[in-house]
Amino acid sequence: MDEHDLDVLDEIQRRVLWLATRIVDAANHDRGAGDGVKVGGHQASSASLVTAMTALWFAHLDAEDRVAVKPHASPVFHAIQYLLGNLDRSYLPRLRARGGLQSYPSRTKDPDAVDFSTGSVGLGAAAPLFAAVTRRYVDAHFGARPHSRFVALIGDAELDEGNIWEAVADPATTGLGNVMWVVDFNRQSLDRVVPGVRIDQWRGQFEAAGWHVVEVKYGRRLAEAYDRPGGAALRDWIDAMPNEQYQSLFGLTGPALRKQFLDGAPEGIAALIADVSDADLGPLVTDLGGHDLAALLDAYAQCDAVTDRPSVVFAYTVKGWGLPIAGNPRNHSALLTGEQVDALRAAQGLTRNTEWDRLDPASPAGIRAGQRREALSRAPRERALGVAVPQATNVRANKPISTQEVFGRVLVDLARDPQVGRYLVTTAPDVATSTNLAGFINKTGVFAPTAQRSWSEDRMLRWTESPEGQHIELGISEMNLFLLLGQLGLAWDLSGQPLLPVGTVYDPFVLRGLDAFLYGTYSGARFVVAGTPSGVTLAPEGGAHQSTITASVGLELPGVTFVEPAYAASLDWLLCDAFGHIAGTTPAAPTAVPAEDGAYYFRLSTRPVDQAPFEAARNRLGDAVLRRQVLAGAYRLVDAHQAYPHLADAPTVQLAASGAVLPEVLAAAAELADEGVAAHVVDVTSLDRLYRAWQRTLRQGVRTATVPSVPGALRSAFADRVPVVTVHDAASHAMAWLGSAVAAPAVPLGVDEFGQSGSVHDLYDLHDLLPGSIVNAALAALSLR
Ligand SMILES: Cc1ncc(C[n+]2csc(CCOP(=O)(O)OP(=O)(O)O)c2C)c(N)n1
Ligand SMILES: [Mg+2]
């Protein structure tokens with residue numbers, strides 16, 4: 001790139017800086033004051049990345065490359081998209097307004113094409129690494145896609161997030177030469193100047209994990225000063241200076257700056273800068289490489305040249321670069337004053353009338369923008385897989401069987417399906433075998449970029465690692481599990497190949513990866529995750545592994561359909577249906593809630609359960625009706641009036657339960673019959689679908705001021721105004737709303753305390769989940785009428 005091109009890029013970056021700053025300014029000062037809640041936005045954090053991002057979009061990137069942008073640089077991203085002609089001008093004054101530009105880059109909500117959502121620091125940063133893992137898998141299984149580079153622009157304080165290092169350390173992410181992280185090394189976080197000098201530690205951590213590290217530390221001015229006689233000592237002094245001292249230089253000028261710069265300096269440094277004027281000293285000592293276009297482009301090229309491992313660029317930057325708030329330790333949320341914005345506008349040669357203009361298309365900068373728009377345009381991708389998923393694998397269970405085991409069997413069966421099998425990809429954080437993925441792994445093998453020799457023979461588990469394998473094994477990091485699932489679930493877009501991703505995790509540790517779970521689903525990813533085993537039913541395994549609030553988490557997470565079947569056939573139907581939705585080939589049911597277009601969370605158990613009651617319900621209702629009800633969220637496992645005709649006029653209750661506790665509930669229903677109480681048993685297969693159906697009709701009533709109807713799923717499984725007992729191996733709260741839904745008193749039973757080890761019987765006793773307690777709860781519910 002010659003000097004002329006650099007000048008053009010410099011002109012562009014000045015305009016990017018202006019627009020990004022003004023976008024935040026307009027959000028805070030141009031719109032009505034509203035409700036008194038601050039609007040906010042981050043001018044200093046944005047300015048810090050202006051050079052690195054201008055260099056990327058206006059010189060370095062190709063159409064197939066994908067970039068995650070640090071959350072607080074979203075105004076820079078939108079300014080660039082606007083200058084490229086990819087964003088309508090009307091959005092610019094609408095940062096953080098409803099329907100406008102999102103506060104942080106969002107795949108699902110922003111009007112321009114965001115590759116990776118960011119916001120919860122650390123997650124968006126790691127996402128491109130897992131997108132590259134996904135691409136490596138896609139290339140190996142479906143043929144090489146056009147080359148992509150996966151780039152993350154990361155705040156330096158983001159490196160404090162543990163998930164960053166979990167991602168870097170995992171063997172699954174090694175060797176990815178198409179990954180480049182650019183760390184916006186401005187030495188400031190939200191609250192403070194980051195203490196000390198951390199670069200050596202971070203460099204060591206990246207290098208130990210096999211990464212290629214590049215530092216872009218100095219701009220051209222400083223580099224020239226270092227080349228002069230004695231320059232090495234100057235360099236040593238600046239290198240050794242603590243962050244706090246270096247940052248304090250930004251607010252100073254003249255002799256005060258010189259004094260502060262020399263504070264603690266070895267002898268001789270004063271003489272070295274004696275001939276630098278007061279006016280030149282500031283620009284010299286704060287001349288950092290992260291604002292030197294040529295140095296950055298050179299660093300990016302160095303990363304391209306290293307093709308056998310990921311790269312990280314530490315770009316030394318100034319938080320607030322080019323703005324009056326540059327380097328100020330309190331600048332994280334600082335906003336320029338009106339006068340400061342006016343001065344910046346004037347310095348750009350812009351007026352109030354021209355301030356939002358694009359670059360003049362006839363100017364060298366405008367021409368470059370036009371060329372880059374062309375160079376970066378990309379055809380839209382097809383989201384649907386377009387293969388037909390069977391409605392069931394017809395898994396057979398002649399003896400009691402657990403849902404975890406059924407899950408494994410259904411996957412093995414689907415792996416054999418000539419249409420579906422090749423698109424399945426499983427992953428687990430070191431719990432593949434203990435969550436019943438062994439059968440799938442035996443059938444399909446473990447993924448490795450190159451075939452690995454096996455050093456041991458195990459007839460129960462063939463751990464064959466090769467590029468054909470369809471299981472991606474991770475180290476014990478639930479964050480990595482959900483980050484990878486999120487990216488596998490976006491492979492249709494980021495790698496041009498829809499997949500059917502499946503993850504397994506011990507249910508309690510869903511919480512360990514929860515923010516990444518949310519991240520993936522909010523990004524629009526579609527996948528299946530099984531939390532297994534769950535609840536206290538894993539009994540002897542111990543109190544530390546008991547999950548209680550995960551059912552509520554599954555129910556409440558948008559973009560996630562939570563299911564908790566108890567019986568083999570119901571799980572089979574639900575799983576096949578989930579894959580059908582993910583493949584995009586199963587049309588959404590007419591009653592489906594729009595939100596149901598994301599991930600599927602199966603909460604499973606290792607408790608073997610007798611299948612006979614389900615077969616009885618199947619005989620009573622028929623396959624078609626039962627399947628429809630199972631998918632809708634609930635069906636009547638026992639209809640008291642059919643099972644106990646002599647109780648037709650007896651007091652009636654309904655016992656609603658999910659998952660592993662159903663045997664106790666069935667026993668309670670039988671005991672109640674002996675005591676002259678008719679008890680329907682409702683197996684709630686998806687608390688989530690049921691709740692959403694109920695909510696939808698309620699909201700409709702609220703919005704139209706009409707009497708809400710009762711949704712079909714509730715109507716077919718439950719009887720109106722008949723008292724309810726809910727039974728769940730989870731917090732009792734998750735099901736407690738069912739009483740309101742059927743307009744009757746409810747007694748919710750569940751696990752509301754931390755657990756302990758014991759047999760299933762011991763622990764159900766402890767938490768009032770045994771038939772005797774359920775009977776008493778039913779009598780209590782009747783008495784509350
Ligand atoms: C998980 C998470 N925790 C906290 C925050 C709040 N937060 C936003 S930015 C920030 C500091 C970021 O510093 P750095 O990454 O260095 O970015 P800079 O603004 O300096 O470019 C914090 C704590 C967040 N967004 N996400
Ligand atoms: Mg920072």
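These numbers come from a predicted model, not from an experiment. Numbering of ligands and ligand atoms starts at 1, following listing order.
Close approach of ligand 1 to Asp184 is summarised as follows: ligand atoms under 4.0 Å from at least one heavy atom of the residue are 21 (O). Here is the list of ligand 1 atoms found below 4.0 Å of a heavy atom in Gly119: 24 (C), 25 (N), 26 (N). Here is the list of ligand 1 atoms found below 4.0 Å of a heavy atom in Gly155: 14 (P), 15 (O), 16 (O), 17 (O). Near His72, with a cut-off below 4.0 Å to any heavy atom, the atoms of ligand 1 are 8 (C), 9 (S). Short contacts between ligand 1 and His332, defined as distances under 4.0 Å to a heavy atom of the residue, involve ligand atoms 9 (S), 19 (O). Listed by number with element, the atoms of ligand 1 under 4.0 angstrom from any heavy atom of Ala157 are 13 (O), 14 (P), 15 (O), 16 (O).
For the Mg ion (ligand 2), the nearby protein N/O/S atoms, meaning those under 2.8 Å, are Asp156 OD1, Asn186 OD1, Gln188 O.
A search for side chain to side chain donor-acceptor pair (under 3.5 Å) contacts involving Thr427 returns nothing, not counting sequence neighbours.
Taking the centre of each ring, Phe150 and Trp181 stay at or above the 6.0 Å mark. His545 has its ring centre less than 6.0 Å from the ring centre of Phe509.
With a heavy-atom cut-off of 4.0 Å, Asp156 touches ligand 1 through backbone and side chain alike. Contacts with ligand 1 closer than 4.0 Å are made by side-chain heavy atoms of Glu161 only, the backbone lying farther away. Contacts with ligand 1 closer than 4.0 Å are made by backbone heavy atoms (N, CA, C, O) of Gln188 only, the side chain lying farther away. Contact annotation: for Asn186 versus ligand 1, heavy atoms closer than 4.0 Å belong to the side chain alone.
Under 3.5 Å, the side chains of Gln260 and Ser248 contain a donor-acceptor pair of N or O atoms. Side-chain contact annotation: Asp292 with Tyr316, donor-acceptor N/O pair under 3.5 Å absent. A donor-acceptor contact closer than 3.5 angstrom is absent between the side chains of Thr54 and Gln13.
For the side-chain hydrogen bond (donor to acceptor under 3.5 Å, both in side chains) test with His332, the passing option among Gln43, Lys319, Gln188 is Lys319; the others fail.
With salt bridges taken as basic N to acidic carboxylate O contacts below 4.0 Å, one links Arg14 and Asp10. The residues Asp200 and Arg203 are annotated as not salt-bridged, no charged nitrogen and carboxylate oxygen being separated by less than 4.0 angstrom.
For atom 5 (C) of ligand 1, the nearest protein heavy atom is 4.0 Å or more away.
Within the 4.0 Å heavy-atom shell around ligand 1 one finds Ser189. Residue contacts with ligand 1: Lys70 is included, with a non-hydrogen atom under 4.0 Å away. Residue contacts with ligand 1 do not include Pro71, since none of its heavy atoms lies under 4.0 Å from the ligand.
If you check which protein heavy atom lies closest to atom 7 (N) of ligand 1, you get Leu190 CD1, 3.7 Å. In this structure, the protein non-hydrogen atom closest to atom 18 (P) of ligand 1 is Lys319 NZ, 3.4 Å. With hydrogens left out, the protein atom closest to atom 26 (N) of ligand 1 is Val121 N, 3.1 Å, a heavy atom.
Taking every heavy atom of both residues into account, Asn163 and Ala126 meet most closely at ND2-CB, 3.8 Å. Taking both residues in full, the closest heavy atoms of Trp321 and Ala47 are given as O-CB, 3.3 Å, listed atom of the first, atom of the second, then distance.
Using the six-membered ring where Trp is involved, Phe206 and Trp211 have ring planes that are tilted, between 30° and 60° apart.
Between Glu158 and ligand 1, an N or O atom pair is found at a separation short of 3.5 Å. The shortest N or O to N or O distance between Ser45 and ligand 1 is under 3.5 Å.
Checking side-chain atoms of Arg135 against main-chain N and O of Leu494 turns up a donor-acceptor pair under 3.5 Å.
A 4.5 Å side-chain heavy-atom check between Phe314 and Lys217 finds every atom pair outside the cut-off.
To the nearest 0.5 Å, atoms CH2 (Trp356) and CG (Leu350) are separated by 11.0 Å.
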